[in-house]
Engineer: 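My questions will all concern the structure given below.
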Amino acid sequence: MKEKYSPGQIEEKWQKRWEETKLYESKIDPARPKHYALTMLPYPSGDLHIGHWYAITPSDAHARYMRMKGYNVLFPMGFDAFGLPAENAAIKRGIHPAEWTLKNVERMRQQLKSMGAIFDWNREVVTCLPDYYRWTQWFFLKFYEKGIAYRKYAPVDFCPSCNTTLAREQVWGEDRHCERCNTPVIKKELNQWFFKITDYAEELLDFSGIDWPERVKTMQENWIGKSEGAEVTFKTESGEPFVIFTTRPDTLWGVTFMVLAPEHPLVDKITAPEQRQAIEAYRFEASRQTEIERLATDKEKTGVFTGAYAINPVNGEKIPIWVADYVMMGYGTGAIMAVPAHDQRDFEFARKYGLEIKVVIQPEGVGPIAPEEMTEALPALGTMINSGPLTGTPGDQSLKKAIEYVESLGVGKAAVNYRLRDWLISRQRYWGAPIPIVYCPDCGTVPVPYEDLPVLLPEDAEFLPTGESPLKYHDGFRKTTCPKCGGPAERETDTMDTFMCSSWYQYGYLSPYYQGDTPFDPREGAYWLPVDQYTGGVEHACMHLIYTRFFTKVMRDLGLVDFDEPMLSLRNQGIILGEDSEKMSKSRGNVVAPDDLVADYGADAVRAYLMFGWRWEQGGPWDSRGVEGVFRFLHRVWELILGDVEAPATVDATVERALRRKVHQTIKKATVDLESFNFNTYIAALMELSNTMTKAKPQVVGSEGWREAQRCFTLMLAPACPHLAEELWERMGYAYSVHNQAWPVYNPELAAEDSVELGIQINGKIKDRIAVAVDTPEDEIRQLVLARPSVQEAIQGKEVQKLIVVPGRIVNLVVR
RNA sequence: GCGAGAGUGGCGGAAUGGCAGACGCACUAGACUUAGGAUCUAGCGGGUAACCGUGCGGGUUCAAAUCCCGCCUCUCGCACCA
């Protein structure tokens, strides 16, 4: 056998054969357990990135492993095809977004095919096609019917570079920049569509029954930001009520001033004439600040007195009302009660403006606190003092008692507040699914009837971004008739956030572009759902992964599905950096192009290196010498499995037994590693087995043990290197296909060692080693150890106080 | 500031209470060769050695990279959250 491993030939050959024989078509099969494996669908940017390979090919290996374990596996692929880059490219180059997108889809589909994954292309979805987005619109209508979609005139985040509004989740960082283009966002007051995701806030905090990374769950918890406390209604001196939220109702008697956010609607009403000018100036400054750039969080607090007073409902005290920008309109009610003695922010504010400080919680173990001597607030719970009827209430009951008290007065109640905001889905851009709503001068807001879906995106729109939807200037689109009264009406011209499209795509794959009256074929759904294994980047923790959970819960409430969570298990891959350890980017010139790597080393070597090089969930810098190392390994595998070696006159039975042991130990290791996404040690185990086989080969070739090793090695290689494994399988004379074979089963008896080397420790330090049979009784081990010259020497003249034998591991002598 | 995760050879990493450094990269020496950036063989944490070594300092244990306490550093997320 002189032929060498040439990946280019065999990969092309097998990809063709797999397609011809429809090897990876997934069909409902009630006789077999199903496994729905899903990986986040790519945006068709036009070029597959090494990051896509890193995310997808190990996921494919896992799905292939499940397939070999006997599961009927569905592993679909598609394209998240609406979105800004298409429009931006169109503006720059004068190509239509649809043309640009579909051309990229075509190219990326070919690139994805070079991976040799088990994608079932019959189930592909492209989210910008009308047959897909009619269902995105269908969901909007269902949400509207259910009262989840609503329209509101509100201040919203707007990216001046992308020229569109953004969901709160798409605004990142301290300077509140756009997730896409990093431009700081501005506030705009606009009529926009929202989804009431806040109705599901509590349920979204429940992760029971799903196996998701702790990190993602924590990020979602933080994002939802539940806090428990009370709502208390204060009144202004003139009798105007306003509600505040507090987590510390036990400090109500310590309130010395109130603070309203600059945007709070009450500010205008209550401001005293002599303060009006100062307040207006402050509000103008505050609005400018959000429009320019947010300053650091440790900036000094500022505020202005309104000239108005509030009455504290628990003691009738008259307290000044201030306006300050450290209170946000977007959180709670936009108004707070300020307790400087027990809240650091209020403390700093009070000190700056000379406001009163009243201590109402007595810290343990110290005497009375004089407000004028305080240097910081005392935020801890403790015994209530100076608190009218509740004075003396201990810290472990104070919150409960305080809430009961305000409830008894009828001025407040226990309340839960969430940081989560409703999901803003309107976008003032062209390349998205139109919102299926018509505004009629007589009938008002009218949903487009289901039978009129999809509301098609006109192909001939001018898509220059102006901050308003391009559809607004397309009369043919905008002008329509009211579905209710038939009179002239106008369409909603904003399009939907692309996260809408990706919130339900896992259902779209089941029966792409379904023509029934639900978004997917219920028979397919009954078999495949929910997704068993999801993989993708952690950067979507608070966007896509919250939205898709929300969608599924609404779908459940609509009776479309009968489960609560879309994806039972989730794993996140890390990020591959450039060889310079920096983020890959064209401007740095450190981009690794997968197409070139496939041309040089073949898809199998790239796949195996991506699994072997790092802890998958962590990622790290690319190493071009590393991929060469794996490429060399695959060459050695070729030679090892197929290379001719003269058979020995007699097979060495000891070597054969040792080889079988290693084979079965490797099966065990590879199984555990693949199940737990430890791809690096899975490949390492295959390398170890290959090393053992290489050494044993001349003594055992021709034996049953050798054939078992060849066969098992090839089977275990199949998830990582599907083309090479298929070629080896064929050349060994087995029937097509290796990918229809069962994963090898490990035999514990064959895997068991018959002798072990025990380390001998004296006072915990290794001094010697001893090889013994596995079943050697402890007594005999003691004797053997004590008889060793090295041990004799070490314990001479000393007393052996203890002799610990850990079977199969170690012996430790405690000597004084 | 709050929350989460991580610190092990020159590098990626292995080992979750029991012989630290599996596997690979890089490196060194040798073999084969006209030649080698191919291939094969051997070596490869530090130290001449006794010994010392898993971010630092304590502790628990016969035994700690692993468990506990305190610190340091880095990464990520959130951030005036009332």
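We name chains A, B, ... by the order of the sequence lines, and we start the count at 1 in each one.
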Engineer: Please give the distance between the C1' atoms of B/G13 and B/A22 as a whole number of Å.
Structural biologist: 10 Å
Engineer: What does A/Asp343 touch in the nucleic acid at a heavy-atom separation under 4.0 angstrom: a base, only the sugar-phosphate, or nothing?
Structural biologist: nothing
Engineer: Looking for any heavy atom pair under 4.0 Å, which part of the strands does A/Val327 touch: base, sugar-phosphate only, or nothing?
Structural biologist: base
Engineer: Would you say the side-chain atoms of A/Ser624 and A/Glu579 include a donor-acceptor pair closer than 3.5 Å?
Structural biologist: yes
Engineer: Can you tell which of B/C23, B/C62, B/C80 lies closest to the side chain of A/Lys802?
Structural biologist: B/C62
Engineer: Of all the choices, B/C81, B/C80, B/G24, which nucleotide is nearest to the side chain of A/Phe612 once you look at every atom?
Structural biologist: B/G24
Engineer: With heavy atoms under 4.0 Å as the rule, sort A/Asn417 into base, sugar-phosphate or nothing.
Structural biologist: nothing
Engineer: Side-chain contact, heavy-atom cut-off 4.5 Å: A/Trp614 with A/Trp622?
Structural biologist: yes
Engineer: Under the 3.5 Å rule, do the base of B/C78 and the side chain of A/Asn222 count as making a donor-acceptor pair?
Structural biologist: no
Engineer: Contact class for A/Gly303 (heavy atom, under 4.0 Å): base, sugar-phosphate, or nothing?
Structural biologist: nothing
Engineer: Side chain of A/Glu688 only, please: which of B/C80, B/A26, B/C23 is the nearest?
Structural biologist: B/C23
Engineer: Just call it for A/Gly620: base, sugar-phosphate, or nothing, with non-hydrogen atoms closer than 4.0 Å on any strand.
Structural biologist: nothing
Engineer: How does RNA chain B look in dot-bracket notation if pairs are Watson-Crick or G-U with both distances under 3.5 Å, crossing ones as [ ], other-strand ones as |?
Structural biologist: (((((((..(((.....[....))).(((((.......))))).((....))..(((((..]....))))))))))))....
Engineer: Is there a donor-acceptor pair under 3.5 Å between the side chain of A/Arg636 and the backbone N or O of A/Glu639?
Structural biologist: no
